[in-house]
Amino acid sequence: MNERYSRQELFSPIGIDGQAKIRTKSVLIVGAGALGAGSAEALTRAGVKRIVLVDRDYVDWTNLQRQQLYSEEDAKRQLPKVVAAKNRLNQINSEVEIQAHVMDMGIEEAEELISGIDLIMDATDNFETRLLINDLAQKYEIPWIYGACVGSYGISYTILPGDGPCLNCLLDKIPANGQTCDTAGIISPAVQMVTAYQTAEALKILVEDYASIRKKIVTFDTWTNQHVQLGMGKAKKVDCPSCGANPTYPYLEKGAALKTAVLCGRDTVQIRPAHTIEIDLGEMEKRLLPHGEVRCNPYLLELQSGSHRLVLFKDGRALVHGTKNTTEAKSLYHRFIG
Ligand SMILES: [Zn+2]
């Protein structure tokens, strides 16, 4: 028995055989915010073979209250979340291969990242990306685990391709009140609870104990003490374009991805160029110096210009803070970046 994983191996539904399976599995975690950090830590400690982490943001002081992998130093240095996460995960378990991708996962990137992946963990903050994950999971027959939280509320659901309804079947049944953690706040127990539900399901999938998978959507509120499980068996749509008899995978069609997106209810617009470009941040720093205060690290550049703060990544993507107006954000991008 491997001492490191002995307590997990003593748990009979996993056992030595289950642990051996876990050691061969690769997991894609989309998003490295609170849920992504929680899942990544749990699965790294559990001893999976490989974790592929994707996130488009950098560590901010407002993240530290609940995003368990990050430190004040990460926020001071404005490290991309996946870079800070990889540093910490390597300290936790050096046996696990961590691949970190600073990017906004679009269709093309997703189809590359999915290679060799056994399970996808949803740790995103938006339905566009979840529906992309859903189509990807159906097309490549990979299980995925939906999870979301806001305030003291959380929700999770496990989707096995070819078995039960998919996210697209359930869209009109999932409560979406438009609240986000930036408008309604969030407390860490809500995060920990969703992470616990998601990673328990993940372990079942990784040891291939499909009979134990929870078939129901679970929702809870840790403040008002509600806990509900909803059966979804009848929700499967025969003509669903994602999981039905003749799937077209609408969210994998090129052009479906948005080029601008207002981020998670914040005063922030993300701009994504139509094609990935390589930006020399050092050159760009020199060019932008006359326009305002510029800070740069190896991963991103920050320009403070009037009431706007523009953060540019090496792949040409930018976050424009201080506006919700996509037209205004685009015009700032063109003015400063090109
Ligand atoms: Zn479906």
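Just follow the structure's listing: the first ligand is 1, and inside any ligand the first atom is 1.
In this structure, R66 contributes its side chain and T62 its backbone to a donor-acceptor pair below 3.5 Å.
Taking the six-membered ring where tryptophan is involved, the planes of H227 and F220 are essentially parallel, since the angle between them stays under 30° and well short of 60°.
Protein N, O or S atom count below 2.8 Å of the Zn ion (ligand 1): the structure gives 4.
Among the candidates D122, V30, L28, the single residue satisfying the side chain to side chain contact (heavy atoms under 4.5 Å, CB included) test with W144 is D122.
Using a cutoff of 4.0 Å between basic side-chain nitrogens and carboxylate oxygens, D163 and K215 are scored as salt-bridged. Salt-bridge formation is not detected for the pair D104/R317: no Lys NZ or Arg NE/NH1/NH2 atom is positioned less than 4.0 Å from an Asp or Glu carboxylate oxygen.
Counting only residues at least two apart or on different chains, the ring-ring contact (aromatic ring centres under 6.0 Å, His included) pairs with a member in residues 283-319 are H291-F336.
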